[in-house]
Amino acid sequence: MASVTAAGKALLHLSATTPDHHPLTSFSSPAVSFRSSRSRSPFLGLGLRLRLATSSEIPALHARSAARGLRIEAAARPTILVAEKLGEAGLALLREFANVDCSYNLSPEDLCSKISLCDALIVRSGTKVTREVFDASKGRLKVVGRAGVGIDNVDLHAATESGCLVVNAPTANTVAAAEHGIALLASMARNIAQADASMKAGKWQRNKYVGVSLVGKTLAVMGFGKVGSEVARRAKGLGMHVIAHDPYAPADRARAIGVELVSFDEAISTADFISLHMPMTTTTAKLFNDEAFAKVKKGVRIINVARGGVVDEDALVRALDNGTVAQAALDVFTVEPPPKDSKLVMHENVTVTPHLGASTVEAQEGVAVEIAEAVIGALKGELAATAVNAPMVPAEVLSELAPYVILAEKLGRLAVQLVAGGSGIKGVKVVYTSARDPDDLDTRILRAMITKGIIEPISNVFVNIVNADYTAKQRGLRISEERIYLDSSPEVPLDSIQVHLTHVESKFASALSDTGDITVEGRVKDGYPHLTLVGSFSVDVSLERYVILCRNVDKPGNIGRVGRILGEQNVNISFMSVGRIAPRKQAIMAIGVDEEPDKETLKKIGESPAIEEFVFLKL
Ligand SMILES: NC(=O)C1=CN([C@@H]2O[C@H](COP(=O)(O)OP(=O)(O)OC[C@H]3O[C@@H](n4cnc5c(N)ncnc54)[C@H](O)[C@@H]3O)[C@@H](O)[C@H]2O)C=CC1
Ligand SMILES: O=C(O)C(=O)COP(=O)(O)O
């Protein structure tokens with residue numbers, strides 16, 4: 001079934017399986033082109049490389065697809081659930097690409113019941129995306145977009161285990177959060193909120209609300225990331241002396257804006273103002289506790305626009321009560337919204353805002369566009385630059401690695417088909433030969449794709465860049481990587497990739513190298529993946545759809561015999577190469593074919609006296 005839009009166009013989703021459920025590499029017709037999720041869109045596997053088909057093209061498409069054993073399943077505009085308010089510009093982008101369901105304030109139960117119909121979910125900080133949500137999605141949810149920075153409301157482990165990519169919008173609200181931090185700092189120092197409330201209550205209390213000056217005071221920025229450094233920059237403009245603590249921030253970045261990085265204890269014990277800008281993690285949870293407050297300068301003032309959980313709120317109330325902390329200005333709370341009778345919120349020396357750090361018109365439009373682009377990109381199968389639970393790879397690196405990504409998956413897929421039934425795979429050794437400096441070559445995607453190639457043909461697990469390492473670990477698959485340095489031009493990222501399946505039996509004995517491992521090697525030639533080594537035999541065959549590997553005795557006529565058998569059955573040879581140990585000794589024929597030969601043809605090849613062993617491989 002295909003849905004026809006008002007414009008008379010339809011989006012078609014093809015279920016890319018042949019009747020025996022082998023994933024197709026690609027299918028195209030004049031009306032629609034589709035590349036299998038399994039081969040071309042390895043990152044999330046959604047493979048939505050579609051173009052619109054006109055309604056008049058649809059019947060013909062159905063007929064052609066039926067003839068090829070393809071099912072046209074349904075209109076497949078993806079569905080995106082937007083669970084919290086998002087800026088219009090972002091919504092408009094999403095609507096161009098997908099069905100968008102804006103359902104705000106869903107209960108956890110309602111979210112779980114909706115999610116199995118959604119390909120992507122977009123949230124801000126108010127929605128808890130728990131393991132239950134991923135379980136309830138039954139594998140359909142492929143992307144969670146966090147329209148903001150902090151992803152502490154998303155269960156990243158559960159997301160990764162289910163192969164769901166989590167992306168955030170890490171930059172568009174930085175300035176808004178920094179400005180809110182500065183606003184809280186200044187308004188706390190001058191008692192703006194309290195004085196305002198007092199005047200509105202009919203009072204005029206000039207003596208009560210004498211403030212403190214900022215100029216010359218020391219501000220400790222705890223967490224010198226995007227927001228922290230913007231706060232530091234602004235505080236310096238106010239004449240403050242700024243120090244920072246961040247175990248992971250480069251000192252030269254701090255130095256560049258005149259900020260000294262110091263230890264945690266030095267920061268909190270010397271500062272007049274402490275501003276928190278670290279993420280909520282297991283190590284930062286309740287970092288500001290009784291022990292920390294015991295070390296601060298008496299009368300310190302604290303600003304928190306990061307996460308409430310970084311502060312032990314009961315300890316803060318105690319510190320406020322005994323004067324250790326003179327004032328606090330808080331935008332974030334351990335539980336949001338905090339209980340109505342929260343001692344902290346009601347404390348007279350505390351200024352509060354309801355998590356407004358990112359809430360400016362500009363930031364919300366920016367965040368909405370940033371997250372919409374990230375989610376759409378991810379649904380198209382592109383690797384998101386703001387991925388939280390997958391390697392982040394800059395677009396230019398990715399495009400350079402793209403043919404190697406395909407090669408890596410095909411080598412994995414090929415190697416696993418050479419394993420003799422029953423012998424489990426435990427160890428995989430990947431050897432990259434490259435002239436690049438190790439720091440200049442990110443192999444995580446390649447490793448993930450090899451894992452995908454190895455695991456998918458032998459299981460019903462869907463593997464992508466997000467869950468590859470996790471899935472390998474679950475299956476007890478140990479993947480080690482080695483680098484061989486090549487003394488040549490580092491212009492191309494890789495010379496070759498070898499995949500060794502260690503200590504396994506092979507159904508094609510010639511694929512075993514001297515060490516007894518199934519060994520295959522590939523290279524990228526003219527942008528296309530080629531198989532260049534099988535066991536100890538050098539070959540050269542383009543890795544397209546099907547490959548036949550034969551071992552034969554190297555003597556005249558043997559190659560022709562196999563070629564004739566294929567030709568008689570109208571199976572087109574796309575590529576052929578012979579690798580041999582020595583003239584007239586054993587040789588390996590690697591034959592690429594465009595069509596899948598039927599069983600009878602394969603039997604004939606096997607029975608040919610010239611052939612000692614052979615294997616038919618689907619890529
Ligand atoms: N209130 C609001 O509406 C907003 C809150 N935020 C929150 O602000 C925080 C910072 O955001 P960004 O600057 O964008 O993130 P970021 O990732 O750029 O910076 C966080 C910094 O904290 C550092 N850090 C990690 N552990 C630390 C530790 N134990 N001690 C000191 N530093 C540590 C990191 O090295 C990093 O440099 C996050 O918690 C984010 O969720 C961000 C935007 C708006
Ligand atoms: O981006 C962040 O980390 C924030 O805290 C902003 O949260 P919000 O999107 O306003 O719910």
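Quantities reported herein were computed from a predicted structural model and do not represent experimental measurements. Counting starts at 1 for both ligands and their atoms, following the listed order.
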*asked:* Looking at Asn322, is its backbone amide N or carbonyl O close enough to the side chain of Arg318 to form a donor-acceptor pair, meaning the two atoms are under 3.5 Å apart?
replied: no
*To which protein heavy atom is atom 32 (N) of ligand 1 closest, and what is the distance rounded to 0.1 Å?*
Gly223 CA, 3.4 Å
*asked:* Closer than 3.5 angstrom, by distance alone: can the side chain of Ser263 be matched with the main-chain N or O of Glu266 as a donor-acceptor pair?
replied: yes
*Tell me: protein heavy atom nearest atom 31 (C) of ligand 1, and distance?*
Pro247 CD, 3.4 Å
*Could you list which atoms of ligand 2 come closer than 4.0 Å to a heavy atom of Arg124?*
8 (P), 9 (O), 10 (O), 11 (O)
*Taking NZ, NE, NH1 and NH2 as the nitrogens, is one of them in Glu161 or Arg131 under 4.0 Å from a carboxylate oxygen of the other?*
yes
*Which atoms from ligand 2 have a heavy atom of Gly148 less than 4.0 Å away?*
1 (O)
*Can you find an N or O of Ala249 that's nearer than 3.5 Å to an N or O of ligand 1?*
no
*State whether the side chain of Asn467 and the backbone N or O of Tyr470 hold a donor-acceptor pair below 3.5 Å, judged by distance alone.*
no
*For Pro170 and ligand 1, does the shortest N/O to N/O distance drop below 3.5 Å?*
no
_Do Val129 and Val123 have side chains that approach each other closer than 4.5 Å (heavy atoms only, starting at C-beta)?_
yes
*Check each heavy atom of Phe224 against ligand 1 and say whether those closer than 4.0 Å belong to the side chain, the backbone, both or neither.*
backbone
*asked:* Between Arg190 and Gly211 (side chain of the first, backbone of the second, donor and acceptor by atom type, cut-off under 3.5 Å), is there such a pair?
replied: no
*With side chains defined as the heavy atoms from C-beta onward, is the minimum distance between Val231 and Ile182 less than 4.5 Å?*
yes
*Got an N/O contact under 3.5 Å between Ala358 and ligand 1?*
yes
_List ligand 1 atoms under 4.0 Å from Ala177, heavy atoms only on the residue side._
43 (C), 44 (C)
*Arg444 and Asp469 ion-paired at < 4.0 Å*: no
*Would one find an N or O of Thr174, backbone or side chain, under 3.5 Å from an N or O of ligand 1?*
no
*Just wondering, more than 12 heavy atoms not from Lys295 lying within 6.0 Å of its NZ?*
yes
*What is the closest protein heavy atom to atom 4 (C) of ligand 2, and at what distance does it sit?*
Arg146 NH2, 3.2 Å
*Can you figure out which of Val221, Val227, Leu184 has its heavy atom closest to atom 13 (O) of ligand 1?*
Val227
*Report, in ascending order of atom number, the atoms of ligand 2 lying under 4.0 Å from any heavy atom of Val149.*
1 (O), 2 (C), 3 (O)
*Where is the nearest protein heavy atom to atom 11 (O) of ligand 2: which residue, which atom, and how far?*
Ser125 OG, 2.5 Å
*Between His277, Arg253, Lys226, Met280, which one has a non-hydrogen atom sitting closest to atom 15 (O) of ligand 1?*
Lys226
*With a cut-off of 4.0 Å, which atoms of ligand 1 are near a heavy atom of Gly150?*
41 (O)
_Under 3.5 Å donor-acceptor, Asn153 side chain and Arg124 backbone_ = yes
*Starting from atom 6 (N) of ligand 1, which protein heavy atom do you reach first, and at what distance in Å?*
Val305 O, 3.7 Å
*If you round to the nearest 0.5 Å, how far is OG1 of Thr360 from NE2 of His180?*
10.5 Å
*Donor-acceptor pair, Glu336 side chain versus His355 backbone, under 3.5 Å?*
no
*Region of Thr284 that comes within reach of ligand 1 [heavy atoms, distance under 4.0 Å]*: side chain
*asked:* ring-ring contact (aromatic ring centres under 6.0 Å, His included) for Phe264 and Phe288? Distances and angles first, verdict last.
replied: CA-CA 11 Å; Phe264 181 82; Phe288 289 83; 5.6 Å; yes
*Please check if atom NZ in Lys343 has more than 12 non-hydrogen atoms from other residues, nucleotides or ligands closer than 6.0 Å.*
no
_Residue and atom name of the nearest protein heavy atom (relative to atom 5 (O) of ligand 2), distance in Å to one decimal_ = His355 NE2, 2.6 Å
_Shortest protein heavy-atom distance from atom 43 (C) of ligand 1, along with the residue and atom involved_ = Asn173 OD1, 3.4 Å
*Hey, which atoms in ligand 2 end up nearer than 4.0 Å to a heavy atom of Ala358?*
6 (C), 10 (O)
*asked:* If we ignore hydrogens and angles and just use 3.5 Å, is the side chain of Asp272 paired with the main-chain N or O of Val300 as donor and acceptor?
replied: no
*asked:* Would Arg307 count as a polar contact of ligand 2, with the cut-off being nitrogen or oxygen pairs under 3.5 Å?
replied: yes
_Side-chain heavy-atom pair Arg253, Phe224 within 4.5 angstrom cut-off_ = yes
*asked:* Which residue and atom name correspond to the protein heavy atom nearest atom 22 (O) of ligand 1, and how close is it?
replied: Pro279 CD, 3.3 Å
*Donor-acceptor contact present, side-chain Asn191 to main-chain Gln194, <3.5 Å*: no
*Which atoms of ligand 1 are found less than 4.0 Å from any heavy atom of Asp331?*
1 (N), 2 (C), 3 (O)
*More than 12 non-hydrogen atoms from neighbouring residues, nucleotides or ligands closer than 6.0 Å to CZ on Arg483, yes or no?*
yes
*Provide, to 0.1 Å, the distance between atom 8 (O) of ligand 1 and the closest protein heavy atom, together with that atom's residue and name.*
Ala306 CA, 3.8 Å
*Of the backbone atoms (N, CA, C, O) and the side-chain heavy atoms from C-beta on, which set of His355 has a member under 4.0 Å from an atom of ligand 1: side chain, backbone, both, or neither?*
side chain
*Report yes if some N/O of Asn173 lies less than 3.5 Å from some N/O of ligand 2; otherwise report no.*
yes
_Min N/O separation Thr283 to ligand 1 under 3.5 Å_ = no
*May I ask you to check whether Asp246 has an N/O atom sitting below 3.5 Å from an N/O atom of ligand 1?*
yes
*Could you list which atoms of ligand 2 come closer than 4.0 Å to a heavy atom of Gly150?*
1 (O), 2 (C), 3 (O)
*May I ask you to check if ligand 1 and Met278 share an N or O to N or O distance below 3.5 Å?*
yes
*Nearest to atom 26 (N) of ligand 1, what protein heavy atom do you find, and at what distance?*
Tyr248 CE1, 3.5 Å
*What are the atoms of ligand 1, with element, lying closer than 4.0 Å to any heavy atom of Gly225?*
13 (O), 18 (O), 19 (O), 21 (C), 37 (O)
*Taking the side chain from Thr281 and the backbone from Thr284, do they hold a donor-acceptor pair closer than 3.5 Å?*
yes
*Which atoms of ligand 2 have any heavy atom of Ala147 under 4.0 Å away?*
9 (O)
